[in-house]
2 protein chains.
Amino acid sequence: MNQPKRYLDIVLDIRKMISQEKIRPGDRIPSERELAETLKVGRSTIREALRSLELLGLIETRRGEGTFLSDHRNHQLVEVLSTFILQDNQSQKDVWETRMIHEISAIQTICGNESACQLPVWDSFSKRIEEEESFLREDLVKEIMVLSGNRLSLKIWLLLAQYSGNFYKSRVTMDETEMIEDVLAAIRQQDAEKAASSLKIWIAWLQKESKKDDDDT
Amino acid sequence: MNQPKRYLDIVLDIRKMISQEKIRPGDRIPSERELAETLKVGRSTIREALRSLELLGLIETRRGEGTFLSDHRNHQLVEVLSTFILQDNQSQKDVWETRMIHEISAIQTICGNESACQLPVWDSFSKRIEEEESFLREDLVKEIMVLSGNRLSLKIWLLLAQYSGNFYKSRVTMDETEMIEDVLAAIRQQDAEKAASSLKIWIAWLQKESKKDDDDT
DNA sequence: GGATATGAGTGGTCAGACCACTTTCAAAAA
DNA sequence: TTTTTGAAAGTGGTCTGACCACTCATATCC
């Protein structure tokens, strides 16, 4: 009789307890020793359940204080999973493409928002280009991702950026200033269509250059 | 000095070990006692790390046999998470939106591929609608995701689908057959523009209905 | 040769012991 | 009286050692 794992029951018990006791995000949940006693299991079993929930970002533990129901702002789950998922050598192409999916969607979202398009940030990038004061490629794209307002998409994007090699984290060169200006101009004009296509062109160029770098290595 | 949790290090250590030893899905990973000795920590700490990974569906344990690397398809994550996480309106919205980003991108990719658009799968869905033989919403969208050819995007989508509640996993109703037919028709015509907008309309409707369900609960 | 018993190895669970840390609150100092 | 101090209680973090239940390979017996 291969009985189901205790710690999984505990996970459900804790969930039930939380809903019954009306514990809200940020509230403290009973201590490990307390739970062990009321649920009539060993403390280590309780801990296995709690550690699982913690890795999922559902609870938060502070030594000396207790265990708290998380307000699940942090999906650290995604991070852990991705490091596992991406390790089976997914083609670099998929990473670039997927990151681009998020970037294109973000820039289109922004173009639908007038106030976002008229932010001084965009002018500041243009100015830096004019004055030949370089900046990180990532900074510009990150601005777009943040302003899109989708925090989950931003998280995924940040993750993907890590897997895209160092190229994305380096500075813009003279060769690409024109493409970047196209993107910035499209944003100012709130032209979602043009913004998307300009961004695509830039990213495609970046990907090609990035590949060159890889071959050198 | 509030040092970081040991078990989190262990999670990373195990991941490193997996990639270094070239352990593939289905393979056995070292026993708990072995890991405890080589990583120089107590067995209970190892277990906390392993239990976490198990809840994520990354590993699978069989009493008397050992611990095995899973092919990350596990479900129990779904139930636990869906009941816990995402009462937060904003993050729920983000999940839907992000999933849609991937879906729209996938359908556009497909429309650029003639052979994919003329697959008999699409007709089979149409036929089932005509004959009022229902099917799972997820099945149709999953087909789109798979055919897009981006495995990373597919994996992220699968993850997000787990967070999206049960609604996506239920069957299509009469109310939405027209919207679905629009999508299928656009695919057949390889009209990326129309396919994207039709899909958007359907998803928006789904999201609204899903919300109704939540309110009832 | 085939059925059976045994033992080694594995995960599952528990109890108890420290440790490091935080909070609390009463006693001591101002 | 007010402030400071510090001891105690409570918490999570970790380790150890001990069983249990189970699987599997091997040896043993018919």
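Numbers restart at 1 for each chain; the letters A, B, ... are given by sequence-line order, proteins then strands. Just so it is clear, the model here is predicted, and its values are computed rather than measured.
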Inset, instruction - Tell me what B:Gly42 touches on the nucleic acid: a base, only sugar-phosphate, or nothing, going by heavy atoms under 4.0 Å. - result: sugar-phosphate
Legend entry - Side-chain heavy atoms of A:Leu140 within contact of A:Trp202, under 4.5 Å: yes
Legend entry - B:Arg171 to B:Phe135, cation-pi by 6.0 Å centre distance and 45° axis angle: no
Legend entry - Spacing between A:Arg28 atom CZ and C:dT24 atom P, to the nearest angstrom: 11 Å
Inset, instruction - Inspect the contact between A:Arg33 and A:Glu37 and indicate whether a charged nitrogen and a carboxylate oxygen are less than 4.0 angstrom apart. - result: no
Legend entry - Presence of donor-acceptor pair under 3.5 Å, side chain of A:Arg43 and base of D:dG13: yes
Legend entry - A:Arg63 CZ to D:dG13 P, straight-line distance once rounded to whole Å: 7 Å
Legend entry - Whole-Å gap separating P (D:dC19) and CD (B:Glu32): 19 Å
Inset, instruction - Please check the phosphate of D:dG13 (OP1 and OP2 only) for any side-chain N or O of A:Arg51 closer than 4.0 Å. - result: yes
Inset, instruction - Provide, to the nearest angstrom, the distance between the NZ atom belonging to A:Lys40 and the P atom belonging to C:dT13. - result: 17 Å
Inset, instruction - Round to the nearest Å and state the distance from A:Glu48 atom CD to C:dG12 atom C1'. - result: 8 Å
Legend entry - Rounded distance (Å) that lies between atom P of C:dT10 and atom CD1 of B:Ile59: 15 Å
Inset, instruction - Take the protein atom CD1 of B:Ile46 and the nucleotide atom P of D:dT16, then report the distance between them rounded to whole Å. - result: 12 Å
Inset, instruction - Give a yes-or-no answer on whether the side chains of B:Asp94 and A:Ser153 include a donor-acceptor pair shorter than 3.5 Å. - result: no
Inset, instruction - Look at all strands and tell whether A:Ser44 reaches a base, only sugar-phosphate, or nothing, counting heavy atoms closer than 4.0 Å. - result: base
Inset, instruction - Ignoring backbone atoms, test whether B:Thr61 places a side-chain nitrogen or oxygen under 4.0 Å from the OP1 or OP2 oxygen of C:dG11. - result: no
Legend entry - B:Arg33 (side chain) and C:dG9 (base): donor-acceptor pair under 3.5 Å: no
Inset, instruction - Return the value, rounded to whole Å, for the distance between atom CZ of B:Arg47 and atom C1' of D:dC15. - result: 15 Å
Inset, instruction - Assign each of A:Ile29 and B:Thr45 to its nearest nucleotide of DNA chain D by heavy atoms, then name whichever residue's nucleotide is nearer the 5' end. - result: A:Ile29
Inset, instruction - Measure the shortest side-chain to side-chain distance between A:Glu143 and A:Asp139 over non-hydrogen atoms and say whether it is less than 4.5 angstrom. - result: no
